[in-house]
Amino acid sequence: MSLSASSSLSVVILAAGKGTRMQSAKPKVLQTLAGKTLLGHVLDTCYQLDVDDTIIVYGFGGDQVKTTIDNQYAHLPITWVAQTEQLGTGHAVKVALDKLPKEGQSLILYGDVPLVSNQTLTSLKSANTDGMSMLTLTVANPFGLGRIKRNSNGHIEAIVEQKDANDDERLIAEINSGIYCVDNALLHKYLPKLSNDNAQQEYYLTDIVKMAVADGVTIAAIEPEHAFEIEGVNNRQQLASLERAWQNKMVADLQVAGVQFADPTRVDIRGSLSAGQDVFVDVNVVFEGDCVLGDNVYIEAGCIIKNAQIGNACHLKPYCVIDRTQVGAGVDIGPFANLRPDTVLADNSKVGNFVEIKKSTIGHGSKVNHLSYIGDATVGTGANIGAGTITCNYDGVNKSQTIIEDNAFIGSNSSLVAPVTIGENATVGAGSVITSDVDANALALGRGRQVQKADFVRPTKK
Ligand code: UD1
Ligand code: CA
């Protein structure tokens, strides 16, 4: 067989299984690991490999799988092929055969084996020099899996399934992951010839190995870097244990990059996290989406951080929720702050406890320290927003803007009724309801004047 070097790369993802043991109304491949569907993990890895076509063989819950995935992966060339009856892995690839070019190579992956890595697949692809390569692993408990039979020279001869294996074959500890890179020419040649004459009366994809060997093809085998890469999900326990394996790997990579976790088992990264040096992450912190942390960021317990960029030397006190927010350097946040999407906190600003900020910019060095709601607002530099300040941004229909210019001082418990502008260096007296713009350098008071009645006698009980 000749090496099909610069030709096309297709991926066939087998995803027709029902996943009965998940006990779920959701198709198995839509179950999530680290916040992303199992199939999504496989697709993201394919995307990194720059594949020409991704063929998904679907069956159970097909429409739900298609809609969900087509929405999220519009950037990938996906071809959907239905396998109405699950007659075995060989049958599953066979139903996709007329979508595969006659030349080039195909990676065969499983939709419920989510964590195979880009590096492993790249090695698998380069190992395919004679027509077929496969991922295998020697394991402590091979029960249930296909066993790799090798001849006296150590060359792979065949794969034998658990249910078809004799006593000697069952002692083999090298197992078939089910992940292969195969020349399309071999698939076109062998798949139509598969039979289901075996213990399970299934069309076994694994039977192409002995056909290829009979034709003089040498089957290359490589091992994955991590065992979890070839583990599948059949039940909730396996899903949870793969989740942990993945979390452990993410945490280990970040530790190598200089992040300190108070307890590496009590953090969750559901997405991507990149971090500078000397970052500290306390227990029960959850990262979601794509998060970026600068150097010396200090994150206390219980923070939930989603799609956020946090600059150098920021301090997040306990129990902050931060969503789609951009934070400059040296910013203190929390405890108990709620930063909602499209919030920007400039360098050295401060957001204190029980403060909610939405779609607003807080300028350099400005402070919102206690019990406030700031929405649809632009706050300049050096401003002080007193405790309990509320931007009244919503009249029941429209959202309006509040502008607070540089060095303004908003007294505690004020309501700023938007649209409204507080000028540079202006002061708002505590307890004001501000409905008109305040000029620069002015003092605005919008509250009842205090009255005093001398020698007041409180009522007494009769
Ligand atoms: C298969 C391999 C076995 C290997 C094991 C690794 C065969 C015959 N055996 O076992 O050597 O050790 O994987 O997990 O290939 N699927 C379909 N349509 C079908 C059948 C399966 O889409 O008709 C999909 C399933 O959804 C699953 C994958 O293929 O994602 C593997 O199927 P599964 O039944 O788990 O594998 P086995 O055949 O038991
Ligand atoms: Ca199985």
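Remember, it's 1-based here, ligands and their atoms both numbered in the order they're listed.
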From atom 25 (C) of ligand 1, work out which of S177, G90, G17 has a heavy atom at the shortest distance. G17
Please, which pairs that meet side chain to side chain donor-acceptor pair (under 3.5 Å) have at least one residue in residues 247-257, sequence neighbours excluded? E243-Q247, K249-D253
Result of checking V209, N151, I148, I219 against E157 for side chain to side chain contact (heavy atoms under 4.5 Å, CB included): N151
Using a cut-off of 6.0 Å, state whether more than 12 heavy atoms not belonging to E225 lie near its atom CD. no
Heavy atoms only: which of D112, L194, L135 lies closest to atom 30 (O) of ligand 1? D112
Looking only at heavy atoms of I175, does any of them come nearer than 4.0 Å to an atom of ligand 1? no
Apply salt bridge (Lys or Arg N to Asp or Glu O under 4.0 Å) to residues R244 and D268 and explain how you reach the verdict. CA-CA 9 Å; R244 227 357 77 193; D268 282 89; 3.0 Å; yes
Under 6.0 Å from the CZ atom of F336, do we count more than 12 heavy atoms belonging to anything else shown? yes
Mark up the atoms of ligand 1 that fall under 4.0 Å of a heavy atom belonging to L87, in ascending order. 23 (O)
Should the pair R324-D290 be classified as a salt bridge under the 4.0 Å nitrogen-to-oxygen rule? no
Taking the basic N atoms (NZ, or NE/NH1/NH2) and the acidic carboxylate oxygens, is any pair closer than 4.0 Å for D376 and K399? no
Given V12, T89, I179, I148, which has its nearest heavy atom closest to atom 32 (O) of ligand 1? T89
Note: heavy atom closest to atom 19 (C) of ligand 1, options A16, G59, G88, P142, belongs to G88
Report, in ascending order of atom number, the atoms of ligand 1 lying under 4.0 Å from any heavy atom of G146. 3 (C), 4 (C), 11 (O), 12 (O)
Under 4.0 Å between heavy atoms, the region of Q83 that gets near ligand 1 turns out to be side chain
Which ligand 1 atoms are under 4.0 Å away from a heavy-atom of A15? 22 (O)
Side chain, backbone, both or neither: which part of E161 has a heavy atom under 4.0 Å from ligand 1? side chain
Evaluating non-hydrogen atoms only, which member of Y204, Y110, Y203 is closest to atom 1 (C) of ligand 1? Y110
Part of V57 with heavy atoms under 4.0 Å of ligand 1, whether side chain, backbone, both or neither: neither
Ignoring hydrogens and geometry, is there a side-chain-to-backbone donor-acceptor pair from T325 to D323 under 3.5 Å? yes
Charged N to carboxylate O under 4.0 angstrom, D53 versus K99? no
Under 4.0 Å, heavy atoms only, figure out whether ligand 1 is touched by the backbone of A92, its side chain, both or neither. side chain
